[in-house]
Amino acid sequence: MGPAHGRLDPSPRYRRRPRHRRRHCPVWWLWAAADGADSYETFTGWATHWSGIVVAVGLSWALIQHTLTGLRHFALDIGAGYELSTNKKWSLMTLLLGVVLTAALWAWILRGLWS
Amino acid sequence: MTTEVNAAAASGTASAAEAPRATGPADARPHGSAVEGAGHWWQERVSALAALLLWVWFAVSLLRLPSLGRAVVAEWLSSPLAAVPMLLLVAATFWHIRLGLQVIVDEYVHDEGSKLFWTVLIQFAAVLGAAFAAFAILRLALDGAPAG
């Protein structure tokens, strides 16, 4: 059935492959934690590998950018900021802020990871 | 100028034999609203707000943990004050994802068959993802995680 059963089966045919490792990172993290130490090690192995970090930087940037754009649209929903120059200013600001916040997040994470 | 633009837009829906004509509010009004549009719009905002608050809580919670080792994470999630917001976070996020992807389909997929296919696929995928995440949270929270 689930991955846990695959882990107990010694035959190589059923050996579990890390699936979905590039998508839904937090869900994979939760699943790995619930599944056991082996699964969690597989997750942390990928999460700290350079390719995993590249994917995670992309995912976190997407989430931060989406959040900032969403906040900008909350302001627009209220009816503020429709003046063309104001609109353009905040549009550019979210792009800039998204990169800055993502860089700050990863500077902080990598400092802890490699110190 | 406006008439020309409207005529171009209308020609997409009018049969080829008919002469293109302008469409305005008077043409659209008899169709009424799409009924569910406002509800969808509102749910998108509410789920966005819920997800925003819960993601901030989640980020702060992770920062406050002494490490992200499995034992530490498992102990953290064994508390209802962590597990319940995590379940809400999963629900709000996947619900918001479903709503957002649905808008893309509604706006860019014009073939009715394809639209139905993608709508159902998005619905299934969102529920599947949320169910797996919720199962993992409950498994940790209810202390059913395999030892080791």
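Lettering follows sequence order; numbering is per chain, from 1.
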query: Checking A:Leu63 against chain B: side chain, backbone, both or neither under 4.5 Å from a heavy atom?
result: side chain

query: Hey, would you say the A:Trp31 and A:Phe43 ring centroids sit under 6.0 Å apart?
result: no

- request: Measure the acute angle between the ring planes of B:His96 and A:His66, then classify it against the limits of 30° and 60° as parallel, tilted or perpendicular.
  value: perpendicular

query: Where does B:Leu89 contact chain A at under 4.5 Å (heavy atoms): side chain, backbone, both or neither?
result: neither

- prompt: Looking at B:Leu52, B:Val90, B:Leu68, which makes the most heavy-atom pairs under 4.5 Å with chain A?
  reply: B:Leu68

query: Are B:Val73 and A:Trp29 close enough, and set up right, to give a side-chain contact (heavy atoms from CB on, under 4.5 Å), and what steps lead you there?
result: CA-CA 10 Å; B:Val73 172; A:Trp29 170 69; 3.6 Å; yes

message: Can you tell me how far apart CD (B:Glu75) and CZ (B:Arg70) are? Round to the nearest 0.5 Å.
response: 12.5 Å

